[in-house]
Each structure stands twice: as C-alpha cells, then as structure tokens.
Amino acid sequence: MSADAFSVPDRIVVVGAGIAGVSAVRELRSRGHSGKIILVDSGEHPYDRPPLSKAFLLGESDLDAIRLVPEAWFDDNDVDLRARRSAVRLRPSEGTVELDDGTAPAADAVLLTTGGAARPLPVPGGDLPGVHVLRSVEDARDLRAALVPGARAVVVGGGLIGAEVAASALALGCEVTLIEPTRPPLAMAVGEEIAVLLHEQHTAAGIRVLADTVAAVTRDGGAARLSVTTASGEALPADVVVVGVGLTVPGGLAEEAGLETSDGILVDEHHRTSNPAVFAAGDTARVRLADGSLRRREHWQAAQQGGRTAAAALLGQPLPAADPDWFWSDRHGVHVEAVGDMRGPHRVLRGSADSLPLTVLNLAEDGRLLGAAAVDDTRAIAAARRLIQSGTAPDAALLADTSVEPRKWLRR
Ligand SMILES: Cc1cc2nc3c(=O)[nH]c(=O)nc-3n(C[C@H](O)[C@H](O)[C@H](O)COP(=O)(O)OP(=O)(O)OC[C@H]3O[C@@H](n4cnc5c(N)ncnc54)[C@H](O)[C@@H]3O)c2cc1C
C-alpha cells in the first residue's frame, strides 16, 4: 500500500462489513480476484441496516435474520472475516492495517467502507440517557427496550429514519410526538405530492406532529423522565427521545492516514481516495463529480453500487454501469420508493393520494423521464428505472393512465 506504486493488488483489506463492504468483497470474488481478502468489522457479524427501524425494531426479526450473507459464505469464498475487530490505524507507508487485537495484516490496497454515525442532537441535554439514536443493532436493541406500550416517545426529525421510527413506535403502542420543522420533509427526494401524503399520514395515524425544532432536553428531577423543550417554548414530557437528524462521518482512520476528507472521505468516480492504494465507498465516501461538486448518497443502493464500483476499480476492470439513484422506505403500512431525480416542475400523476397506489413521474423539458416516486407501486418504479436508463421520452398520457400496466410504458 503506497501512494506511488499501484498495480492490481493481491492482498486487499476491506474495513467495514456493511452493504458497501460486503458488496465490494462479493464483486472482487465474482470478478475473479483470487488474492487474499480480509474483511474487518467491529460488529458481531455483517448485517443489514434498513430493518433496524422496521421489522427489527418491531421485534419481527432478529440479528440472524438480517445477515447480509449466510454465515458460510465467507469460508466458501475464502474471505477472512475478522468480526468484532476494529481497524485502529492505516499505515500506508508500511502497507499494513493495524487492528485492535494488535495484529497488522499486510495490504496492497485498502477499501474503507466504514459507514457513518448518527448525528447527535446539537442542543443542551441532547446526550442525556434516554435520548436515543439509531444506527446499529445495539442502538436498535436499546430503543426497542424503551419503546414499551404507553411510553411517551418524542421523535426528533421526520426524514426517512425519524418517520419510520415514529411509525414503529406507534405500532408498538407508544404515544408519539414527531418534531420536524420542514413541511413536508423529503420533498427533494420524492417530490412535493408524495412528501405531503407521507407527512400527513403521521397525523392520520395518531401521531402528534409539531412543525418546530428542539431547544433543549432536560431531566425532570430524579425521575427517569425527560422533558423536550421546543424552540417555540412548549415542554413535552417524554419517556424516550429518538433523534433522527442525519449522518455524520467521523474523520478517524482516514484523517490520521492523511487522506483528503471533507465531511466524509473524498473519492473520485472510481472511489479512489487521495492515496491511490486506498479506496472508500458507501456512506463514508463523498464522490467528487466531473463538475467538481461533492456528493454523498446516504442510502442502501448507493452503498451497494459504491462497493461494487470500488471493487472493479481496485482490479483495474471496467466499472459497473451506474444505475439511477433508488431508495425505499416503509411506514404506516405503506411502501415508498423513488428512483432518479425528482426535482423539476414537469409532473405526471398516476393515481391519487385518496386511492393508493400513487406514482408521480418527473419529466425533463424534452419529455425524457428523470425520476419517479411511488407509494405502493413497485412495478411503476421498476418500469420507470428502465425508462430513465434508456433515456427515451415516454407518452405522458400512457404514464397517467392507471389502466395501463407500467411495463407497457416501455413499448412504443
Ligand atoms: C435505521 C436505518 C434504516 C435505514 N433504512 C433505509 C431504507 O429503508 N432504505 C435505504 O435505501 N436506506 C436505508 N438506510 C440507509 C442504509 O442502510 C445505509 O445507507 C447503508 O447501510 C450504508 O452502508 P455502508 O456499508 O456504507 O455503511 P454501514 O452499513 O454503516 O456499515 C459500516 C460498517 O463499518 C463498521 N466499521 C466502522 N468503522 C470501523 C473500524 N474502524 N473497524 C472495523 N469496522 C468498522 C461498522 O461497524 C459497520 O458495520 C437506513 C439506515 C439506517 C441506520
């Protein structure tokens, strides 16, 4: 591992076994890499994060059920999984990665897929006991134990994770208040129409929604009870507070190794960092685009794609085709998906908010499909994804006609 002599690496150390790291390792093997692969992760075993705010939080699945790959996969594919181990230092000049057990495996190249941390609540009392974040399985276990029937839960942040936690807390029998200043949140991601529908679902389901921010969290005397004070001065008693206000990427390993960082590890479109033998992907990476802007996409498919792309680049092979952005969310019994870019004024609605499913399609000036978001219509999103990829301009009347199967959008 050195900055000046890079060739196809034999020994690769991947730090972080979330979806980005595991996808990278799978891609390395499927592309024929036969060298040594070490996958290091501080957790018990590699698991998937999206269920943590959904089935896992609801007690419908356990850690075993959310494995990213079967336990035997690592042996079967000759991947040396070092679980419950942390990388504590990269030593680029020595070509090693130091682990917390004192070992320092040799690495011709390193891939950092270390994810991020939940952003803490930046107000007085934001770190009191009883104030939870949700990023890891340990967080989810703690939160699950606190979300008992009748508990007063205040959820701060109505984005993807906050909204899902609020819905799960309600389903678990809690009395839920959701604090979110933006009305509606997620409009950039799913478009205004669906964002409004989703946000209004909270109130319809029985959640109290406050368009406000949090000024402070205090503990009431010696009792195990919290009080959340909003910026407008309301004091909300709470047994549990859950903070879903975004992601932060600790500098740690990358900064110490002298890699270029700026709220994430900066990488080029091959996921190469400022050290050509060190790559980064997933939530931890910010990709420098051709126009010089920096972009981090904090969702599952982007992390999977980033891991695969980094693996291809590590081997000096052609990169996988870039799929349009895609993410999903589940709350209050509905399934939401969005693909592509939902920013823009040219909308076609298929269905209505009063009778789901509803799909909103976002067209470019020249009629090409740029993006689509849907509530309870995965087929519409699958067809939209193919239309976006093909770059063809669909017939808008066909898109809006609910009697036409989405797959027929593709036949013209
Ligand atoms: C509760 C929750 C719900 C979500 N729901 C959705 C959803 O519905 N749809 C969607 O598209 N996205 C969702 N996401 C986002 C998605 O899960 C993330 O974008 C994705 O997990 C990022 O993958 P990653 O591999 O980059 O990072 P991570 O999954 O965070 O994995 C990073 C791994 O690196 C390990 N690690 C970090 N530092 C070290 C070190 N020094 N040594 C060893 N190991 C280390 C960590 O333990 C962790 O296992 C959700 C996220 C959360 C937290």
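What's counted below: heavy atoms across the whole structure, side chains too, no hydrogens, waters or symmetry copies. As the structure is a computational prediction, the values presented were derived from the model and not from experiment. This chain uses plain numbering: 1 for the first residue, then up along the sequence. Both ligands and their constituent atoms are indexed starting at 1 by order of listing.
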TODO: Begin with the C-alpha distance, continue with both residues' side-chain angles, and end with the deciding distance and a verdict on side-chain contact (heavy atoms from CB on, under 4.5 Å) for L121 and V156.
DONE: CA-CA 9 Å; L121 189 61; V156 186; 3.9 Å; yes
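- Residue contacts with ligand 1 for R85 involve N, CA, C or O but no side-chain atom from C-beta outward (heavy atoms, distance under 4.0 Å).
- Among protein heavy atoms, the minimum distance from atom 49 (O) of ligand 1 is reached at D41 OD2, 2.7 Å.
- Any N or O atom pair closer than 3.5 Å counts here, and K54 shares at least one such pair with ligand 1.
- Annotation for ligand 1: atoms under 4.0 Å from non-hydrogen atoms of S86 are 42 (N), 43 (C).
- With a heavy-atom cut-off of 4.0 Å, V15 touches ligand 1 through its side chain alone.
- Closest to atom 18 (C) of ligand 1 among all protein heavy atoms lies D283 OD2, 3.4 Å.
- Look at R135 and D283 and you find a salt bridge, because one of the NZ, NE, NH1 or NH2 atoms lies within 4.0 Å of a carboxylate O, short of that distance.
- Contact annotation for E164 and ligand 1: only side-chain heavy atoms (C-beta onward) come within less than 4.0 Å of the ligand.
- In this structure, atom 13 (C) of ligand 1 lies nearest to the protein heavy atom P50 CG, 3.8 Å.
- Heavy-atom proximity to G18, at under 4.0 Å, picks out these atoms of ligand 1: 25 (O), 29 (O), 31 (O), 33 (C).
- Taking a cut-off of under 4.0 Å to the non-hydrogen atoms of G282, the atoms of ligand 1 that pass are 26 (O).
- Checked by distance only, ligand 1 and Q301 stay at 3.5 Å or farther apart across all their nitrogen or oxygen atoms.
- Contact annotation: for I161 versus ligand 1, heavy atoms closer than 4.0 Å belong to the side chain alone.
- Under the 4.0 Å criterion applied to side-chain N and carboxylate O atoms, D239 and R152 are assigned as salt-bridge partners.
- A salt bridge is defined here as a Lys NZ or Arg NE, NH1 or NH2 lying under 4.0 Å from an Asp or Glu carboxylate O, and E192 with R343 fails to meet this definition.
- Shown here is R308, whose CZ atom has no more than 12 heavy atoms of other residues, nucleotides or ligands within 6.0 Å.
- Looking at every heavy atom in both residues, V137 comes nearest to F56 through CG2-CZ, 3.4 Å.
- When each of V228, L178, L236 is paired with L210, the side-chain contact (heavy atoms from CB on, under 4.5 Å) condition holds for L236 and for no other.
- Counting only heavy atoms of the protein, atom 27 (O) of ligand 1 lies nearest to G115 CA, 3.4 Å.
- Looking at I19 next to ligand 1, an N or O pair under 3.5 Å apart turns up.
- Between R29 and E27 no salt bridge is recorded (no basic side-chain N to carboxylate O distance below 4.0 Å).
- Taking a 4.0 Å cut-off on heavy atoms, T284 fails to register as neighbouring ligand 1.
- Residue-ligand proximity, A303 to ligand 1, at heavy-atom distances under 4.0 Å covers atoms 22 (C), 23 (O), 26 (O).
- For ligand 1, the atoms closer than 4.0 angstrom to any heavy atom of L134 are 1 (C), 53 (C).
- When the shell of 6.0 Å around CD of E71 is examined, it contains 12 or fewer heavy atoms from other residues, nucleotides or ligands.
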(Q) Between K36 and D78, is the salt bridge (Lys or Arg N to Asp or Glu O under 4.0 Å) condition met? List the steps. (A) CA-CA 8 Å; K36 172 111 181 133; D78 193 21; over 6 Å; no
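- Under a 4.0 Å N-O distance rule, the pair D48/R67 does not qualify as a salt bridge.
- Atom 41 (N) of ligand 1 has its closest protein heavy atom at A87 O, 3.1 Å.
- Regarding atom 45 (C) of ligand 1, its nearest protein heavy-atom neighbour is S42 OG, 3.7 Å.
- For atom 32 (C) of ligand 1, the closest heavy atom belonging to the protein is T113 O, 3.4 Å.
- Judged by distance alone, the side chain of H271 and the main-chain N or O of A280 form a donor-acceptor pair under 3.5 Å.
- Note on R82 versus D101: no salt bridge recorded, every NZ/NE/NH1/NH2 to OD/OE distance being 4.0 Å or above.
- Counting only heavy atoms of the protein, atom 39 (C) of ligand 1 lies nearest to T114 CG2, 3.7 Å.
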